[in-house]
Amino acid sequence: MPSSRAADPYATELVERLRRESAEFAGLWDRHEVAVRRLDSKRIVHPELGLIELECQNFVCESEAQRLLVFTAAEGSHAAEQLRVLGERIAEQPV
């Protein structure tokens with residue numbers, strides 16, 4: 001099982017079962033046509049500001065042991081304004 005979860009017995013059993021039960025899955029798995037999604041959009045619901053829609057960049061270290069997620073908003077967007085408000089609130093909090 002070539003993956004970052006190769007040592008996970010649950011994941012290994014799941015892949016083996018899917019390969020047995022689905023020729024389509026087995027073919028897809030054998031071709032190893034996978035990709036890491038580096039850019040995605042995320043929706044976060046803040047208790048006071050409501051829905052905040054952000055772009056998310058996913059940086060993975062070479063060993064895949066750590067990830068860094070960077071959330072951004074388009075300049076001038078409603079989400080950018082929401083992030084500005086959150087930043088002000090954090091800056092006002094005592095250290």
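When a residue number appears, it is its place in the shown sequence, counting from 1.
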Run through the side-chain heavy atoms of Ile, Leu, Val, Met, Phe, Trp and Tyr, join any pair under 4.5 Å, and report what else lands in Leu86's cluster. Ile44, Leu49, Ile52, Leu54, Leu69, Phe71, Leu83, Val85
What's the spacing between Lys42 NZ and Thr72 OG1 if we round to 0.5 Å? 12.5 Å
Between Ala74 and Ala80, what is the shortest heavy-atom contact and its length? O-CB, 3.4 Å
Pairs satisfying side chain to side chain donor-acceptor pair (under 3.5 Å), at least one member in residues 43-52, at least two apart: Glu48-Arg89
Rounded to the nearest 0.5 Å, what separates atom CG in Asp40 from atom CD in Glu55? 8.0 Å
Counting distance only, does the side-chain N/O of Gln82 pair as donor-acceptor with the main-chain N or O of Ser77 below 3.5 Å? no
Shortest non-hydrogen contact from Arg19 toward Trp29: NH1-CD1, 3.5 Å
Quick check: closest heavy atoms across Val70 and Phe59, and the distance to 0.1 Å? CG2-CE1, 3.8 Å
Under the side-chain hydrogen bond (donor to acceptor under 3.5 Å, both in side chains) test, which residues partner Glu88, sequence neighbours left out? Arg84
